[in-house]
Amino acid sequence: MAAVLMMAGCGFMKNSTTNNTTATTPATTATTTTSNTASNAALVAGQGAGNALQALYAQYKVDGKYDYKNLQNIMNTMTLVANCEGLKDNFKNKTYLTEFGKGMIASSLGLVTQNNVQTVTNSLVDMVKNSETLKNAQSQTTQAVQTAATQAQSTASQAATYANTAAQYAGALSTLLGAFGGK
């Protein structure tokens, strides 16, 4: 299920770091060769993926599972998938994969290492290449995001009600609590 949800962001996040890098590249670097640009894009995408993997793993350790309803996990999953978007077209490009792996190693705080980078990269390639699973995951993630938003709205409304109640009783409670003894 976790792998399915990790793929969900592909449909939502078409602006991978490759696209963002191209859009923000200064005019002075326009003469950079295509291979260097692709390598840099792969490195940046790998760094984004490594950051997202590290954040997902940290939360996984806390929860003891991948909680696909956790809004932060959803956001980290979307970030991971957006950064893995370039793997779909470059899964046979050894230079791209090497640079992507270097980026993951550099940014994952020791989670991705030289020993496991190939396995992690292959898992991510498989994740983004599986388009049928992706369609199902997009639907599930959309539903999870909508549910989380509805729950957040309900929780915010309930918190506001509680805050109003606390404000109403603040004076009386302050007097009562002061009766137990002062500072």
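Side-chain atoms are counted along with the backbone in the values below, which use heavy atoms only and exclude waters and symmetry mates.
Put simply, L56 and V112 are part of the same group of oily side chains (I, L, V, M, F, W, Y) that touch within less than 4.5 Å, one to the next. The cluster map of Ile, Leu, Val, Met, Phe, Trp and Tyr, joined by side-chain heavy atoms under 4.5 Å apart, puts L43 and M104 in different clusters. The hydrophobic cluster containing F91 also contains L53, counting ILVMFWY residues as joined when their side-chain heavy atoms lie under 4.5 angstrom apart, directly or transitively.
Of the possible polar contacts, none joining the N116 side chain to the T119 backbone as a donor-acceptor pair under 3.5 Å is found. Counting only distance, with no hydrogens or angles, the side chain of S108 and the backbone of G50 share no donor-acceptor pair below 3.5 Å. Side chain of T79 to main chain of M75: a donor-acceptor pair is present (N/O by atom type, distance under 3.5 Å, no hydrogens or angles). Formation of a donor-acceptor pair under 3.5 Å by the N73 side chain with backbone atoms of D67 is found in this model. Side-chain atoms of N93 come within 3.5 Å of backbone atoms of Y96 as a donor-acceptor pair (strictly under, hydrogens ignored).
Side-chain contact between F100 and C84: present, with at least one pair of heavy atoms (C-beta onward) separated by less than 4.5 Å. Under the 4.5 Å side-chain criterion, counting only non-hydrogen atoms from C-beta, Q114 is in contact with I105. By the 4.5 Å heavy-atom criterion applied to side chains, L97 and K92 are not counted as neighbours.
For the side chain to side chain donor-acceptor pair (under 3.5 Å) test, residues two or more places apart in sequence or in another chain that qualify with D63 are Q59. Q151 meets the side chain to side chain donor-acceptor pair (under 3.5 Å) test with no other residue; sequence neighbours excluded. Residues satisfying the side chain to side chain donor-acceptor pair (under 3.5 Å) criterion with Q158, sequence neighbours excluded, are Y162.
Between A55 and N76, the closest heavy-atom pair is CB-ND2, 3.5 Å. Of all non-hydrogen atoms in A49 and L80, the two that sit nearest each other are O-CD1, 3.6 Å. The two atoms that bring K129 and K88 nearest to each other are N-CG, 4.4 Å, heavy atoms only. The two atoms that bring V128 and L87 nearest to each other are CG2-CB, 3.9 Å, heavy atoms only.
Using modelled atom types, one finds a donor on one side chain and an acceptor on the other under 3.5 Å when comparing N122 with Q118. Y66 and T77 share a donor-acceptor pair across their side chains, judged by distance under 3.5 Å alone.
Geometrically, K65 does not engage Y60 in a cation-pi contact, judged by NZ or CZ lying under 6.0 Å from the ring centre and within 45° of the ring axis.
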